[in-house]
Number of protein chains: 2
Amino acid sequence: MKFEAVTIKDIAKALGLSTSTVSRALRDSYEISPETKKVVLEYAEKINYHPNPIALSLKERRSRSIGVIVSEIANSFFSQAIDGIESIAYKNGYNVIISQSRESFDRESIHLQYLTSRSIDGLIISVAAETKDFSHFKELHERGMPLVFFDRIINEIDTYKVIVDNYQGAYDATRYLIENGFKRIAALANNEILSITRDRLAGYKAALTDHGIKTDDSFIKYCEHGGLRLEEVEQAVTELVSAETRPDAILALGDKLTTGSLRILKAKKIEVPGDIGLIGFSNSETSELIEPPLSIIKQPAFEMGEIATDLLIQLIESKRPVTSFETKKLAPQIIIRESAKNKNKSMLNVEF
Amino acid sequence: MKFEAVTIKDIAKALGLSTSTVSRALRDSYEISPETKKVVLEYAEKINYHPNPIALSLKERRSRSIGVIVSEIANSFFSQAIDGIESIAYKNGYNVIISQSRESFDRESIHLQYLTSRSIDGLIISVAAETKDFSHFKELHERGMPLVFFDRIINEIDTYKVIVDNYQGAYDATRYLIENGFKRIAALANNEILSITRDRLAGYKAALTDHGIKTDDSFIKYCEHGGLRLEEVEQAVTELVSAETRPDAILALGDKLTTGSLRILKAKKIEVPGDIGLIGFSNSETSELIEPPLSIIKQPAFEMGEIATDLLIQLIESKRPVTSFETKKLAPQIIIRESAKNKNKSMLNVEF
DNA sequence: TTTTTTTACGCAATCGTTCCCGGTAACCCC
DNA sequence: GGGGTTACCGGGAACGATTGCGTAAAAAAA
């Protein structure tokens, strides 16, 4: 099976010209006479010539492709972000190679290795939950590979980063719960090492403190793989609801944790928000259709992907080394629905 | 910003050998002495040499990358399928370039053009809803580009195809509705030209006929963009529920159509399944959490992606032209939940 | 008309790798 | 010791495109 492409040589031979002349004619060089250009252009059009991007990559030492590593494609947040990445990349003539870490450090390392050996021009990364050692990223960064982190970032590496205001999102969600009568608010977090975990928990704790509620460490549960495995969510939720003092609300700090905990609560026949209120980070397209309609903290995923890609391309195409980087922080959107409605008032809403 | 890679020349120079010798040593050629091999291998390891895939691509006239065109990444079915595609591609040393048609013919053509000009080795496609003219695919196919269709296929093009048994899925779902007391079953379909629309509608009609129900064409509504735009779903559903004889159940023949129609029904305060039963094709991860829990016909998306990629790679790597193609037809999974439960019995289940 | 300049093109190197074609030793056989 | 193997390695073309440099012919200036 082969797919023969026409080359510049074919044109040169057919027209009795040299390849250099053809090349220059195609690039509209001033050194070529208008007549020759016309002939070449018309013939190229006729035989449907397209420059071989691989030959160009070899010559220019750039592949015009960028790598992306996320934990999981089939996750609304990431698929929306990839959507944004693709759109900008495409506009700029880059293509995108996607890999999934599935929250595993090993898979992340392997993909990183693979992508860089495929000679990509830059990399957009959301770190895996398992990853505690950042040296592979650091080394790459030091060797000059353009890098942009989004969502889950690495503070120690100085480059562009794109995140939402995780602190504020968690703070506002927690405050909402407090102001609506919830008092014993538990947090269901991702892996402790992740930037998003730290920031979101900080917001959660600050909101509690600001409202005179003592933070209780037994109310904070961590899921090593961010809820990618339902068992870890089950264990965390089970521990929470079977404690002596059971929380009356859960703040879930990740997409999979939000739907996962609802899944578990339903399985345990625990009413939401009657028995336990629920609000969480989520970009699910169907959050409003869910029973009860989910209260969510939503990230502008598409936009984050766009911005990250814009920054990466800037980095790739800049003539001189970039030394001053910034962290773009976007505002999350909080959407309140039934799952976090006022405990007492909500009794009135139940349809008897 | 540059990312300098070590080449075979660097090794040759450092070791006082020729590039050919180094190349052969790295490929473990019999023409190279064990000692030389050892020296080369060790040095290559030491300076972290990796062959430049672009140079290889140029030499071998293959890029080891495959293109994928789907309507939308942020759609559970496709993201799960891509997941399967990536996994097989990665195992075989291919990378995957993904584009979205967003159901638009123009975007599909442009992406097709772009992908082929990027010298990909093969293509996996699920046709856009808008596409009625297949000549761009045909031409590509005739020029020898390995092609595999999945989900939405083109019958006129003779190549590998991977689908579910759409006829059977729709038939069984319709039969379930009939056997559970629903009599006036409407179908909400994708664009009329799509293979999945034809097959699913055929199954729907056959089930009706087999159970002595006359098919009513006014009960079949088409959405030109497969529900990608909620307005078209709204219009279709509105037409259905405002007809003189309103259907008592809807069979939605696409992912977006299923959640879309539920969205509209909810907005219209129409009870599901009390007023109207609902079952539909869907691969949503949260279908069980939805209110009411959704009855779905689920496609083995991941597996479909895997199979399609396997077939494509076979096609790419086969020495002689392949002339005999098959269509892999997988079984869909029907999951019955509240949204399609027996009209009369379901009254008993409502919690008062 | 001769010299200089301009115009328009070709030659060849280059990117990193593979591979065909040679070439030179060392060794063996008669 | 001449011829034939064998083992090992290098030169250079090729993949498709770009580009610096050289140069012929044509045009302009002297």
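Naming convention: chains lettered A, B, ... in sequence-line order (proteins, then strands); numbering from 1 in each chain.
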Within the side chain of B:S29, is there an N or O that forms a donor-acceptor pair under 3.5 Å with the backbone of B:A25?
no

Polar side-chain atom of B:S57 near backbone of B:R62 as donor-acceptor pair, under 3.5 Å
yes

Gap between atoms [atom1] and [atom2], on [X] and [N] respectively (whole Å):
X	N	atom1	atom2	result
B:R61	C:dT17	CZ	C1'	14 Å
A:R24	D:dC21	CZ	P	12 Å
B:I54	D:dA14	CD1	C1'	18 Å
A:R27	C:dA8	CZ	P	20 Å
B:I8	D:dG10	CD1	P	13 Å
A:E31	D:dG22	CD	P	14 Å
A:L56	D:dA17	CG	P	7 Å
B:Y30	D:dA7	OH	P	9 Å

Tabulate atom names and distances for all N/O pairs under 3.5 angstrom spanning the protein and nucleotides 24-26 of chain D.
none

May I ask you to say what [X] touches in the nucleic acid, namely base, sugar-phosphate or nothing, with a heavy-atom cut-off under 4.0 Å?
X	result
B:S23	base
B:L58	base
A:T36	sugar-phosphate

Using the side-chain heavy atoms of [X], tell me which of these nucleotides is nearest: [options].
X	options	result
A:P51	D:dA17, C:dA8, C:dC19	D:dA17
B:A55	D:dA17, C:dT17, C:dA8	C:dT17
B:K59	C:dT14, D:dC8, D:dC15	D:dC15

Nucleic acid contacts - residues 13-21 of chain B versus DNA chain D, non-hydrogen atoms under 4.0 Å
B:G16, B:L17, B:S18, B:S20, B:T21

Answer yes when B:E303 and B:K328 have at least one side-chain N-carboxylate O distance shorter than 4.0 Å, and no when they do not.
no

Is A:E142 paired with A:K138 through a side-chain N to carboxylate O contact shorter than 4.0 Å?
no

Applying side chain to side chain contact (heavy atoms under 4.5 Å, CB included), name anything that partners A:I88, two or more places apart in sequence or on another chain.
A:K91, A:N92, A:E306, A:T309, A:D310, A:I313

Hey, would you say the B:H141 and B:F134 ring centroids sit under 6.0 Å apart?
no

Using a distance-only test with no angle check, is there a side-chain donor-acceptor pair under 3.5 angstrom linking A:S104 and A:D106?
no

Neighbour count above 12 (heavy atom, 6.0 Å) for B:E326 CD
yes

Distance, nearest 0.5 Å, that separates CG of A:L112 from OG of A:S117:
10.0 Å

For the NE2 atom of B:H111 and the CG atom of B:L123, what is their distance to the nearest 0.5 Å?
12.0 Å

Report the residue (A:E60 or A:K9) whose heavy-atom-nearest nucleotide on DNA chain D is the more 5′ of the two.
A:K9

